[in-house]
Structure formats: structure tokens, C-alpha cells
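Here's the structure, in C-alpha cells; my notes come after.
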Amino acid sequence: MIIPLFRNIKIRAKLISVSIFLVLLPLLAVALLSMIRFGTAIRTAAEEDLEHLVRNIYSICKVQQEIIQSKEQSLYSLRSEIRKIKVGRTGYVYVIDSKGNLIIHPAREGANIIDSEDSSGFKYIRTMINNALTLPPEGVGTIRYPWINPELGETKPRQKINKYIYFKPWNWIIAAGTYEQEIYQALYETERFIIIIVLISVFMAVILTITLSKFLTDPIRDLTDVTTKMANGDLSQRVKVTGKDEISILGTSFNRLIGQIQDYTSNLEKMVEERTGELKESREKYRDLSRFLNSILDSSTEYAIIALDLHGNILEFNRGAEKIFGWKKEEVINKENINITNTPQDRDSGLQKEIMERTINEGVFDLEMFRVRKDGSKFPSHTTINAIRGSSNKDTGFVEIVRDITKRRILERELRETKDFLENIMESSVDGIITTDLKGKITYMNRAMEETIQYKREEVLGTHISNSYVRGIQQARDIMDLLRKIERAENYEIEVKRKDGKVLQILTSLFLLRDDNNELIGTAGIFKDISEKKLLEAKLKATQARLVEASKMRALGELVAGVAHEINNPLMASQTILHVILKNLTQDSPERNRLELIHKCNNRIEKIVEHLREFSRQTKPEFIFLDINKPVENALLMTEQQLLNHNIIIQKHLADDLPGISGDINQLEQVFLNLISNARDAMDNTETEKMLTISSYTTKDNEKPYVTVSFKDTGVGIPKDNLNKIIEPFFSTKPVGKGTGLGLSLCFGIIESHGGRIEIQSELGRGTEVRILIPANNNIKKETLKE
Amino acid sequence: MAKCILIVDDDEMVRIALSELLKPEGYEIDSVGSSKEALNKINEKKYDLLMLDIIMPEMDGFGLCRKIREKEDYTEIPIIFLTAKSREEDRVMGIDAGANLFLSKPISPDKLLGIVSETIG
């Protein structure tokens, strides 16, 4: 009965009652027990004390009696001592005899108090005495009585307690007494104290419980409130959550739960709303769609749109279908099968059935096939078939869309032909053609280019075109910059690397490729290998330069001839007069020396003029078919002696079987003389053995046969810097007066007019080799070669 | 009798030099500066030797030589060309024109004297 009752009271009440019981009961129990025990203890203790006291006194008396003979003597000190004894605060010890006379008493010694009465009129002394006398030996008796001291102003009696013992030998009743109140003072105080504590504790417990229970009950109440509200439909409430204890966690979870429930309900509401909205919308859409479709069907004249049932029977046939197939709507709807639009072969092969099956499986199917018009004519078509699925997800039929692609086919063929045609052109072009994408990667290369750079197109497609440029990526960038500025570049010269590494000179025309929207899609270039041309150009330039040189030389020659000529007359006059003067002068005349000097000067001038004339000699060379060894021998003939005089050893290695050359014997002689003379001069000051080696032999240069004459000396050699200059007219390293520097330039001119060339090799300190190369000529001609 | 020599050269220095050279040898020297003057001179006088330069204005030495040779009395007279021109073809032309000798300038005075004395004594 209690339990259900307990269940129903509020939590707070539960808590309070529980705590009160938990606090109160133990406290009370403890208090009670302690008080009882304490009281008992104190009382016992106090009584015992008294008891011990009287006993002690008794013992003392006993001892005294035994020791001391005289009563009077022992009494005195004993009395004084006994008188001094205090019990508690106001208690004392006294001795009374059996007649009621106070033997020892702190205040009333000698008085007889046998008829003393307590405050209740009870003759307590008498009682005490009587009891004392009947006590067992050394037994202690107890008497309690109420006492009032009116002289002290007391209005209420207080309980007194006496303990007494009978000391027979002296007829002493030794008593010790005190107010019980004093004994119990501490007890009373403690009791009071305990009571206060208990009360306070209970009070505190209640208060604390009430307040603390708040912490418990408030959230719970809150929870109950919210749940009640929730149950009534209000989902917006939330539990206040403070703290982290289990209730709070519960609160948090609860909130979350409510939140979810709220979301869920609102979602549901939304979904329901949407769904209803959707339904309305789709109904509208459906209406619009069917209107739209109908208009399409009607207006589409280029597309045949045909609706079929599952067997292929025609349900709908739009205007486009009428136009394409030639049938009228009325003729075919619900009357014919789509097969009438297929070719006989297709009809026989059951193509329609196959198509329909495929369409059902895949949903949609399109193909290009031949169809047949009403009049039996065939045409190529693009046909798309869609399977129609009903609302119950079952196939209900097909929609077929057909387009006549005859025109398209024609266009395709034309396009293909054009493409082939263009490709042919590109492939048969003699010049290389390359196209690249915007990044510069090669997208096309024709055969001619393959041959030029020796790569197959598969090797280069997709690679960057700059890989073939000698200048690499910089070249490609330069080209792009140029094209961006001017769109097309013509006759742009670049260098291209072949597969084998050879560098080709290429002339290229480049332009940008654009699509129909004028967007850049790449570049294209036409490449012409002009390496040959460049080579020829270079050769031509060289020949022209030579010709210019030659004409310059000729002009110079003419000038020089003119000068020489001009000098000759005054020179001769000078020499002649001088001769006359000298003839008339005596041998020892002082003027003779001076005049001799003038004579020497004139001689020098003469020599110079002679050289100039030689240089300018414009004699047309007479070319004959000759053996080059002849002019060599001639030159040697004239110089042999001189060379020997200079201690120069001559070594001849002249081949016997040299092919003939076309040349002027005198001029060649002149050249060889000059070379021999140079060799002689070079060896003039050498310490080592002086040797001149002259050899003649055949050589090949670029497949052409040449005859070479080599003059090798062991002279001082020609420094590298001078090698280029020695053919310049007037360049000479010889001291003034020894050479005019005209010789070699003349030789170069002569040999050049022979179609040959001079090669010079020299090493300082070791010697020089000069080689004359002249093309071998198997034609016997006696004509003069025009310069 | 002293031998007469006519020098034809457009360069005055050459004329003077040759005169100075030949006169002391006892020759009589006349000198003119052009072919025209030369032709006049040979009409006036008969010379033992003619020394002609080739390059001259108006008529050159070759022309003059030919003209001289046309003259009856000058067909045998020694004519020497003394000229700066020295090419082979010039020499040939000179001989073709009728000269006896073709000498190139410059020529040493001794040589010249030798040749002159050889030719006319």
C-alpha cells in the first residue's frame, strides 16, 4: 500500500521525504542512542566518582585508624583534608554519624541534621542513615532528593545525589553529594547541543533537498511539460538543457529527437505538397505536350513521323510521311503495315520484325536503310525507331522517324571525291606540304616532304614541327609571330634538318588555317628544297666575284699600263741627259758620285716601271693543249743555275703520264718562275738544308680530273695571317726594292683564267707548299678562252 | 757630211734628251712634236734616219711611218720606232708599217747610240 502511494507522490516530495528519512532517522537514532548512552555513562561515571570518592575516604580512614591510635589526632588532619574535597562545582564531602550529627562538613559541622527534610518534605537524612547502617561492609549506597536553597534565591528544587559508605569503626557515614544537575550539566548541554545539531541538520537537509531537488525535478518537469505539449501537437518546444548530467544528456537527446520528428513531419508535409503540385503540373504538361506534338507532327514536312502499334500497323502518319512516302494519311492509317515502305528484299528477310524486336530491347534504334515510296521507287533513308512504353511499363507501340537522305548521300560522295581530289593534288605536288595544329604539332605531311626530310609521315605526325628546324623552337616562334602579323608569308627562307642530319636550305610559303568562323585552327606551309639552287647561287656569286675581280684587275692593269707609259718618257729623258752629263764629267769630279746616285735611282724607277708593265700586260693568253711538265721544265731551265748558286737542292718528281691541259705555255712558265723565285727567297736565310721539291701528278676534285704541280720549299714559311693577303697585288713581305708584291697576284690571275686554282700550305719555320691545280682537258682546242 | 736625224715625239723632254744625247756625237738633230710637222719637215729636208714615237695625237707613229714610206725618196731610209709600247703585236705592227727597228722605252743611252751608229754610221 505504501509503495503505490510512494510512487504517486511527486519526485520532489519523494526526494525530500527520502532525504529527511535518510538524514533524520539516522540522526535521531544516533542522537537518541548517544544521549542515552551518554547520559547513562555520565551518570554512571558521576556516581562511580562519588562512589570512589567515599570509598577512598573510607580507605583513608581505615588506614588512619590502623596507623593512629588516638581518634582525636587522626580526625583533625583528616577532617581538614575531607573538608577540602570538592565535588563538581557545588558538591562536597561530609561525614555524619548515626545520630545525625555532622562530623565533617564544610559549613555546618557539629549540627544535627537527622530530621532534615528535602524540598518535598522527605526526611532524607534519616533514610540515608538507616540505609547506611544496613549496608554490607564496604558497600556504597545512593540517595537522591530534591533540594532548594531559598537563601540563594532559588525558586525551584534541584535534584541532589549522595553516595555514602559506612565506616563502622568510627561510626562515620561518609557521604559525597552533588547536584545531579551538575553531573548532568554536561549531559544536558550535550543533549541540547545534539538536539540543536539535529534540528539544524534536518532543516538544512530539507532546504538542500528542496533546492537541490530542483536541479533534478526542474529538468524533469521541463521534460514532462514539453512532452505533454508535444503530445498535443506542438513540436516547436525544446527542453532547456543546462549541465552535463544524465538528465541533461537526456534533455539533449530529447531535443534532437523532437527535432528529427519535426523535420520528418515537415518533410512529409512538403513531399505531400510537392506531389500534389507535381501531379497538377504533369497533367498540364501532358496537355501542352500533346498539343505540341500534334503541331510538330503537322508541321514537320521533312521528317516522316509514323506511329505504329506492336505489330507494325500504322496508327499515325504525318504530313512529312505523306510527302516522303507518297501515301495519303487516309490510305494507310489503320489500314496498312509499315512494311509497305520497305523494299521487297527487306520484306522478305523479315527486317521489320527484327528492327521492332531490337527497338523493344534497347528502347531506340536507328539505321540507314533503303525505303520504298508508293510508286515503288527506292530512296536511301535515315530511320529512327523509338519504343513507346505505357504508364504500366508495358510496350504499347513504336514511333518511327524517317528522313530522305538522298541529297545527303550525294553531298557525301561529292565531298569524298573533292577530298580525294585535293589529297591527290597535295600528294602529287612536287613541293613539300605540311600542316600543323595550333600548337605546332604536325597534322599532315605529303609525299614530297617525306622525300625531302627523309621521314615517313607516320614518324612525324603529332610531333612538333620545330624538331626539323635547325633553329628549333625559336624558328617556330618567329614564324608564328610573323604569321600573326601578316597572315601569310611568302618566300621565307629557313634551314631544315634532314633525318640523316644534313642541313637543307628551304624556301617556304606559310599561311594560317582558319575554320568557317574565322577561328585559327592551325598552319600550313609549302616547302621547297633550294639547297641546290643556293649552292648554284653561291657558285654564281663566286664566279661573279671572280669576274669582278678580274675586271678590276684589268682596269687596274690598264691604269698601271697608262702610268708606266707616262713614266717612261720622262724617265728616258732623265737617263739620257744624265748619261750625257756623266760622259762630260771627269772621273774625279765631286759631282760624279751624286750623279751616279741619280742614275741608280733612275734604274730603280725603270725596274718598277718594268714590273708595273709586266703586271699590266694584257696579252691575250694563247691556250693550247700541252703537257704541264713543259713549262715546269722551262722554268727550271732558266733558274737551275741560280738555285744551285744559292745551295738549293732541287728534287723533281714529274709524272710521265699526265693528261694534257689547255693552257698558255708562256703564262704558265711565268707562274712557275714566280713560284720558284719565291721559294728561293724564302730559303735565303734558312739554316737547315735548302730543298725545293717539284712534283706533278693527277688528282680528282669533285669527280673531275685535275693536274697538279707542287712546289715545296724548306723556307721560313708564311704566317697564317698573311696567307690570305699574299694574293693581293702589292702585298709583299720582302724588303723594299727586292720585290714589288705583284708576282703572286699575277699568278692567281693566270691560273684562274686557266680554270684552275692555287692552294698554299705553310708552316712557320718548316716550309711552304704551293700547289697549282689545272683541270685536265681531253679536248684538243687551239682556241683562246674568252674571259 | 753630218748625218741628219729627225726625232718625232710629242713629249718635249724626250726630244731634248735625245738631242742632247745625239748632238755631241756629231749628228744633226731636228725634232718635231707631231706627225704633221714631221711630214712637213721631210719635204723640206732629206734625213738619214727617222726616230718615231708611236703614241701621238692625230696621226700615230704607225700612220706616219706608212706615210713616210709612200714617199719615193723615203722608201729605204731607216726608220726606228722608239716607244713606250712594248707588246709583241705592237712590234709586229711596227714592222708591218715599214719600220726597220722597234725599240722600247726606256732604253739605255749607250745602247741607243750603238744602234744609231750601226744604222747610219
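Every heavy atom of this structure was used, including side-chain atoms; hydrogens, water molecules and symmetry mates were not. Residue numbers begin at 1 in each chain, while the letters A, B, ... track the order of the sequences.
Here OG of Ser108(B) is found 12.5 Å from CG of Asn602(A). Values are rounded to the nearest 0.5 Å. Considering CD1 of Ile107(B) and CG of Asn568(A), their distance stands at 12.0 Å, rounded to 0.5 Å.
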Run the side-chain donor-acceptor check on residues 97-105 of chain B: report pairs under 3.5 Å with partners two or more places apart or on a different chain.
from	atom 1	to	atom 2	distance (Å)
Asn100(B)	OD1	Arg69(B)	NH2	2.7
Asn100(B)	OD1	Ile79(B)	N	3.0
Lys105(B)	NZ	Asn569(A)	OD1	2.1
Lys105(B)	NZ	Asp9(B)	OD2	3.1

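Of all heavy-atom pairs between Val14(B) and Ala573(A), the closest is N-CB, 4.1 Å.
Heavy-atom distances place the side chain of Ile55(B), and not its backbone, under 4.5 Å from chain A.
Using a cutoff of 4.0 Å between basic side-chain nitrogens and carboxylate oxygens, Lys583(A) and Glu20(B) are not scored as salt-bridged.
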- Quick one: do Met13(B) and Ile577(A) satisfy side chain to side chain contact (heavy atoms under 4.5 Å, CB included)? Show the steps, please. CA-CA 10 Å; Met13(B) 295 243 174; Ile577(A) 302 285; over 6 Å; no
Test side chain to side chain contact (heavy atoms under 4.5 Å, CB included) applied to Leu82(B) and Met572(A), step by step: CA-CA 11 Å; Leu82(B) 180 58; Met572(A) 206 198 86; 3.9 Å; yes
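Heavy atoms of other residues, nucleotides or ligands lying less than 6.0 angstrom from CD of Glu12(B) number 12 at most. Summarising the local packing, CD of Glu58(B) is surrounded by 12 or fewer heavy atoms from other residues, nucleotides or ligands at distances under 6.0 Å.
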